[in-house]
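Model, not experiment: these values are computed from the prediction. Throughout, a chain's letter reflects where its sequence line sits, starting with A, and its residues are numbered from 1.
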Amino acid sequence: MTINEESTLSNFIQQAINNDNESGRFDRRIHTRFPPEPNGYLHIGHAKSICLNFGLARDFGGLCNLRFDDTNPTKESVEYVESQKEDVRWLGFDWHDRELYASDYFDELYEFAKQLVLDGKAYVDSLSQDEIREYRGTLTQPGRESPYRERSVEENIDLLERMKDGEFPDGAHVLRAKIDMASPNINMRDPVMYRILNTEHHRTGAKWRIYPMYDFAHGQSDSIERITHSICTMEYEDHRPLYDWFLEELGMYQPRQIEFARLNLSHTVLSKRRLLRLVEGGYVNGWDDPRMPTIAGFRRRGYTPEAIRDFCDRIGVAKNAAIIDIALLEHSLRDHLNKTAPRAMAVIRPLKVVITNYPEGETDWLDAVNNPEDETAGTRKVPFSRELYIERDDFMEDPPRRFYRLAPGREVRLRYGYFIKCEEVVKDNDGEVIELRCTYDPETRGGSAPDGRRVRATLHWVSSEHAIDAEVRLYDHLFMRWNPDEEADDGADWLSFLNPESLVVVEAAKLEPSLADASPGSRYQFERQGYFCVDTRDSMSGKPIFNRTTTLRDTWARVQRSQSNR
RNA sequence: UGGGGAUUCGUCUAGUGGUAGGACGACAGACUCUGGAUCUGUAAGCCGGGGUUCGAAUCCCUGAUCCCCAGCCA
């Protein structure tokens, strides 16, 4: 896949690394890490970080660790660890033997904490949670020092050990760094290093009763792993002075933290809280619902890792809050699927067509190209017979200007088949068109006329006798709004912007018979309609279910839109 | 007069004192047995105001707007 060399080679993080290489700051060594907290499913925003961190390591000939930031056992689980590993792997990245955990360093971290206490740089605070908040001050007012701030080293060590040994209930004490309660940066106002959590950890079991906070664990973990560039999102910029402070006070090797803007995607939400609400509120069917912006959701929807990686390369890396048009993701998707997905014919909303001059009971097996973008994909046979289905949308009794599909008296081509002409329209008592009676030209077999006659349209079709039935799930954007997070003028909230048509189920689509044994997860282009994949969860042999990954670009739809706007 | 960060086509993004470029999207056309793909072209931008300079997106001053921070979450 071609990547945009220009943009991938000129983002500010690459420049920073180049500078560090020139100055020899890290001995020209590059070592990054992707540090998810195993408390949920990875989403497209994480994909940006994964591609960035693993990509940098790849491009600069360095390494990238997978490190789980598992410092809060109340929210984390092995299930999440497993799903996150699967997602990183699926995206195409390999951490080799460096599957690491912040919890691997709990012993060392505890020793670091004791060292700071011994140095008079940390103390045990026994204020309640509310009191600590009160003492912290506000954004505009400095905080006040805790009455416990000047406890003796001996008392602090004693209390800390007893905290570790499980002598106290949750919240009784915390260990705090002694920095500056008047700092304009709230993170420096004696931040909490350890809190008591009488909870078992998914990896360390019942060993610990106290767990380190992010700020006390992350930098030291980076340092222990000899990370050179610790890349994180903008909200951690205010934490960088603290990151550096711990490492300096501890006299440890110091990586460089660099912040970039997290990804926002149009027509969806990416905050963990909102994603969780969608799942728990039943607005979608689980974390891997094909409408979810999770890696698992995209995978089930039929997206390819190549498409997501290409997207991450295209969006660039910068520091300003941006909302990327989801159309860009869809562009990367179509770009890859166009080259790789075999074509097939499927009629989603069938309209019966009888070829009146075609012999009854006869079947003609026609040659169809599997992928015009890939000669090696070969050809297949599709059956033609007297009774067919075409798409309802491909016929109009009273066609408007620029509609050049089938209409009474008009001739069109059936793809890889024959030219047919509509002779008669059959309706039911309600005036609904239920059948078309057409004639075919035997001379046009394969799709071209010996007399050089041309037709304006080519339609997809299936033979009714040979077609297989399938359920088709038509997915669309989850939200109707560019930015659902932005409150509406009338105060309506983000959930009210859910797209009621984000999933439309069609029970009885008609597929060409070659699709009968399509395996779960396999992707196709249904010609003239879009890319579809066999659902990996609900599809069963004999009763296939296809998910629409995305539509094809639709010029006719655009024409219709511009006509109705007039 | 709390701290931190940001602002370049509709949306992203390059630019590092010397012709504002690319991508997506939009529009127009060519081609086409997918109204797909492909190809060609068009429109579209430096947050505002001052200043420095032969020359400013870039340097200086000033203002505006947006984002993040007051978890014993990460």
Side-chain angles (χ1 to χ4, degrees), chain A residues 4 6-7 10-11 15 35-37 39 69-72 74-76 125 127-129 132-134 136-143 170-176 183-189 191-197 210-211 213-215 217-218 232-241 259 261 266 272 314-332 334-335 338-339 343 345 369 372-373 402-405 413-417 419 444 446-448 454-460 482 525-530 551-559 562:
Chain A
N4 186 339
E6 294 290 309
S7 75
S10 61
N11 76 59
Q15 290 173 10
E37 184 191 12
N39 71 341
D69 225 334
D70 56 349
T71 56
N72 184 356
T74 64
K75 294 187 173 174
E76 299 153 6
D125 195 356
L127 251 24
S128 71
Q129 191 159 172
I132 285 182
R133 178 164 47 240
E134 209 181 308
R136 184 153 36 223
T138 69
L139 294 178
T140 52
Q141 293 169 319
D170 289 7
H173 310 279
V174 290
L175 182 71
R176 292 232 251 171
S183 173
N185 180 348
I186 290 182
N187 295 301
M188 301 299 272
R189 317 237 266 229
V192 173
M193 295 161 59
Y194 269 95
R195 77 288 216 188
I196 299 168
L197 251 25
I210 57 173
Y211 293 93
M213 297 287 291
Y214 165 86
D215 285 307
H218 202 91
C232 59
T233 45
M234 294 300 295
E235 64 268 27
Y236 292 101
E237 196 149 29
D238 287 341
H239 293 246
R240 179 152 34 101
E259 309 84 13
S266 75
K272 203 161 272 184
R314 284 170 183 269
I315 59 179
V317 180
K319 291 180 79 126
N320 61 309
I323 300 179
I324 311 272
D325 193 338
I326 198 167
L328 184 56
L329 212 210
E330 291 165 348
H331 169 81
S332 293
R334 292 190 182 106
D335 194 43
N338 177 48
K339 292 169 191 146
R343 313 289 131 123
M345 291 198 285
V369 174
E373 305 291 323
R402 295 185 71 178
F403 179 91
Y404 42 81
R405 276 112 92 146
R413 170 170 39 235
L414 258 18
R415 177 135 237 229
Y416 301 124
F419 286 10
T444 58
S448 51
R454 302 183 81 84
V455 289
R456 199 67 199 276
T458 299
L459 309 186
H460 61 277
W482 169 266
Q525 184 199 98
F526 289 174
E527 294 213 28
R528 303 208 306 133
Q529 310 210 82
T551 59
L552 250 28
R553 278 182 76 229
D554 189 347
T555 308
W556 169 237
R558 260 184 287 155
V559 169
S562 73

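In the set B:C27, B:U7, B:C24, B:C27 carries the atom at the smallest distance from any side-chain atom of A:Arg558. Considering only side-chain atoms of A:Asn11, the nucleotide from B:G36, B:C24, B:A14 that sits closest is B:A14. For A:Ala318, taking side-chain heavy atoms from C-beta onward, the closest of the listed nucleotides B:A14, B:G2, B:G35 is B:A14. For A:Tyr404, whose side chain is taken as the heavy atoms from C-beta onward, the closest listed nucleotide among B:G36, B:C24, B:G35 is B:G35.
Listed by chain and residue number, nothing satisfies the side chain to side chain donor-acceptor pair (under 3.5 Å) test with A:Trp482 (two or more places apart in sequence, or in another chain). A search for ring-ring contact (aromatic ring centres under 6.0 Å, His included) contacts involving A:Phe403 returns A:Trp556, not counting sequence neighbours. Scored by the side chain to side chain donor-acceptor pair (under 3.5 Å) test, A:Asp325 finds no partners at all (sequence neighbours excluded). Here A:Glu235 pairs with A:Thr233, A:Arg262 under the side chain to side chain donor-acceptor pair (under 3.5 Å) rule; sequence neighbours left out. Annotation: ring-ring contact (aromatic ring centres under 6.0 Å, His included) contacts of A:His460 (sequence neighbours excluded): none. For A:Arg133, the side chain to side chain donor-acceptor pair (under 3.5 Å) test picks out A:Asp130, with sequence neighbours left out. Residues forming a ring-ring contact (aromatic ring centres under 6.0 Å, His included) with A:Phe526 (at least two apart in sequence, or on another chain): A:Phe532, A:Phe546.
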Contacts under 3.5 angstrom, residues 315-324 of chain A side chains, donor-acceptor by atom type, not counting sequence neighbours:
unit_1	atom_1	unit_2	atom_2	d
A:Lys319	NZ	A:Glu237	OE2	3.3

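Rounded to whole Å, the separation between the P atoms of B:C12 and B:C54 comes to 38 Å. Only the P atoms considered, B:G45 is 13 Å distant from B:A20, to the nearest whole Å. Nucleotides B:G50 and B:C69 are separated by 36 Å at their P atoms, to the nearest Å.
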Given protein heavy atoms under 4.0 Å, the one-letter contact record of nucleotides 37-43 of chain B, with B base, S sugar-phosphate only and - none, is simply S------
In B/S/- notation, 5' to 3', how is nucleotides 67-74 of chain B contacted by protein heavy atoms closer than 4.0 Å? -BBBSBSB
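The interatomic distance linking A:His460 (NE2) with B:U32 (C1') rounds to 18 Å, in whole Å. The interatomic distance linking A:Glu259 (CD) with B:G3 (C1') rounds to 14 Å, in whole Å.
Between A:Ser332 and the phosphate of B:C24, there is no side-chain N or O to OP1/OP2 separation shorter than 4.0 Å.
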Write out a two-atom table: protein N or O, nucleotide N or O from nucleotides 16-20 of chain B, distance below 3.5 Å.
unit_1	atom_1	unit_2	atom_2	d
B:U16	O4	A:Gln15	OE1	2.5
B:U16	O4	A:Gln15	NE2	3.1

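Side-chain contact of A:Arg415 with A:Thr458: a donor-acceptor pair under 3.5 Å is absent, judged by distance alone.
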Paired and unpaired positions of RNA chain B as dot-bracket, Watson-Crick or G-U wobble under 3.5 Å, | denoting a partner strand: .((((((..((((....[..)))).(((((.......)))))....(((((..]....))))))))))).....
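The pair A:Asp554-A:Arg558 does not meet the salt-bridge criterion, since no charged nitrogen lies less than 4.0 angstrom from a carboxylate oxygen.
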